[in-house]
S.K.: 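Could you have a look at this structure, given as structure tokens, before my questions?
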Amino acid sequence: MQAQDRHRVIAIDGPAASGKSSVARQLARRLGFVYVNSGAMYRAVTWSVLNSTIDPSDRPRIAELIATLSLGGVLRDRALHLLIDGVDLTGHLHEDRVNDEVSRVSTVPEVRNVLVARMRDYASKHDLVVEGRDIGSVVFSDTPYKFFIDASLKVRAQRRAAQGHRDEIARRDQADSSRAASPLFVAKDAEVIDTSHLTVDAVVDEIVKRLRAKNLKI
Ligand code: DC
């Protein structure tokens, strides 16, 4: 998809628990853009795999499953939620078993192709803030507005624990960064912001300042 065929996209990538969800959601609200959490989309597909009889290591069967699922989107509070067979799985996405398997399921290329196509379809309809791992590097690689949000492993682990979730973020970072399909890395033209010692408001202020410097009309 060419940039002229879609609305404006701000890409927010980063490792697990880097604060990118809070930043992306608040940034979208501030700008009046629609928020898309691509990690939630991979989580929803993972939940569907776990809810089927398919072994999460069985890549060919996961590829078959994704082709049979009916995917839709619903806009709630200016955030797009993926519907799978008409169901919004938001309440299930941080279950331990989803945390455990999502990195593996998200390496299946057919899963990525389907979800990337959905994100591009969303961008044909709305101005977006999209967070994930490969948004600036792959999904919307031509957007001039890309940020990489990071924080130390210690701070990220503390943030996840404070949310009450068991999540082996170091293991997921390793899996997400070393996989063959669209690994997590800092796109060469992304602006890196370390949030270890910053509040969400401070990070959003900083991004808005940088977007203005790039002449984004906001
Ligand atoms: O952002 P999150 O921690 O909720 O993402 C969950 C997983 O989804 C992450 O470990 C890898 C996968 N993911 C991905 O492969 N590509 C994305 N753009 C976003 C998430």
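Whatever order the structure lists them in is the order used to number ligands and atoms, beginning at 1.
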S.K.: Indicate whether any N or O donor in one side chain lies under 3.5 Å from an N or O acceptor in the other, for Arg172 and Asn99.
M.R.: no
S.K.: Holding to side-chain contact (heavy atoms from CB on, under 4.5 Å), I want the full list of residues that pass it with Asp189, two or more places apart in sequence or in another chain.
M.R.: Lys146, Ala187
S.K.: Taking non-hydrogen atoms within less than 4.0 Å of ligand 1, which protein residues qualify?
M.R.: Lys20, Ser38, Gly39, Tyr42, Arg43, Val102, Ser103, Ser106, Arg112, Gly132, Arg133, Asp134, Ile135, Arg160, Arg172, Asp176, Arg179
S.K.: Under a 3.5 Å threshold, yes or no: a donor from one side chain and an acceptor from the other, between Arg43 and Thr90?
M.R.: no
S.K.: Assess, by modelled atom type and distance only, whether the side chains of Ser38 and Glu131 contain a donor and an acceptor separated by less than 3.5 Å.
M.R.: no
S.K.: Taking Asp176 for its side chain and Leu184 for its backbone only, find out whether a donor-acceptor pair lies under 3.5 Å.
M.R.: no
S.K.: Could you walk me through whether Arg156 and Thr195 pass the side-chain hydrogen bond (donor to acceptor under 3.5 Å, both in side chains) check?
M.R.: CA-CA 10 Å; Arg156 293 189 291 118; Thr195 71; over 6 Å; no
